[in-house]
Amino acid sequence: MKAMQSGMEVRPVTTAEVLKHLRDFGITEELARSNVRGMSAGQKSRLVLSAAMWSKPHLVALDEPTNYIDNETLNVLVQALKSFRGGVVCITHNEAFVSQVCNEKWVVSGRPGSVAVA
């Protein structure tokens, strides 16, 4: 019952399903079977993103997602967000990232309560 409430029943937890999911985030089977300690920061970021997407959420909130990731991981993130069927709320200062993934932009200015939809 708890698994159903948490969303875990959304997909089977089999080796094949997990490896397929990780591949979608650029994590090879060899890397998936290795120790996390040996992964680069970008690979760890991809692993965390894949874990966050495991239960197929309807909404993803990202706070400065482009900080501390390499270009390869950034490209994986952009492609994943472009193919994501749910809503995305993203806080970032990276205009290039915004132009690639956002179809609506809300700009919060320095004035209290000032929000503009672009």
Rounded to the nearest 0.5 Å, what's the gap from [atom1] on [X] to [atom2] on [Y]? Could you check?
X	Y	atom1	atom2	result
Asp24	Leu19	CG	CG	11.0 Å
Met39	Ser45	CE	OG	11.0 Å
Thr14	Lys20	OG1	NZ	10.5 Å
Arg85	Lys56	CZ	NZ	9.0 Å

Determine, using the 4.5 Å side-chain heavy-atom cutoff (strictly less than), whether Trp54 and Leu49 are members of one ILVMFWY cluster.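 Different clusters: Trp54 never reaches Leu49 through Ile, Leu, Val, Met, Phe, Trp or Tyr contacts under 4.5 Å.
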Taking Leu81 as the starting point, is it possible to reach Val78 by hopping between hydrophobic residues whose side chains are less than 4.5 Å apart?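 Both belong to a single hydrophobic cluster.
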Whether over 12 other heavy atoms sit under 6.0 Å from Asn67 CG: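 Counting neighbours around CG of Asn67, more than 12 heavy atoms of other residues, nucleotides or ligands fall under 6.0 Å, so yes.
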Taking only Lys NZ, Arg NE, NH1 and NH2, and the carboxylate oxygens of Asp or Glu, determine whether Glu95 and Lys105 approach each other closer than 4.0 Å.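 A salt bridge is present here (some side-chain N lies under 4.0 Å from a carboxylate O).
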Heavy-atom closest pair, residues [X] and [Y]:
X	Y	value
Gly42	Asp70	CA-OD2, 3.7 Å
Ala41	Tyr68	CB-O, 4.5 Å
Thr92	Val98	CG2-CG2, 3.4 Å

[X] side chain near [Y] side chain, heavy-atom distance below 4.5 Å:
X	Y	result
Phe84	Val101	no
His21	Ile27	no
Leu22	Leu31	no
Val18	Glu29	no
Ile91	Leu62	no

side-chain contact (heavy atoms from CB on, under 4.5 Å) between Lys44 and Val36, intermediate numbers included: CA-CA 7 Å; Lys44 288 176 184 176; Val36 173; 4.3 Å; yes
Main-chain N/O of [Y] paired with [X] side-chain donor or acceptor, under 3.5 Å:
X	Y	result
Gln43	Ser40	yes
Thr73	Ile69	no
His58	Gly87	no
Arg46	Gly26	yes

The test is side-chain contact (heavy atoms from CB on, under 4.5 Å); show your working for Phe97 and Cys90 and say whether it passes. CA-CA 10 Å; Phe97 176 76; Cys90 182; 3.6 Å; yes
Applying side-chain contact (heavy atoms from CB on, under 4.5 Å), run through Val89 and Leu59 and close with a yes or a no. CA-CA 8 Å; Val89 175; Leu59 176 69; 4.0 Å; yes
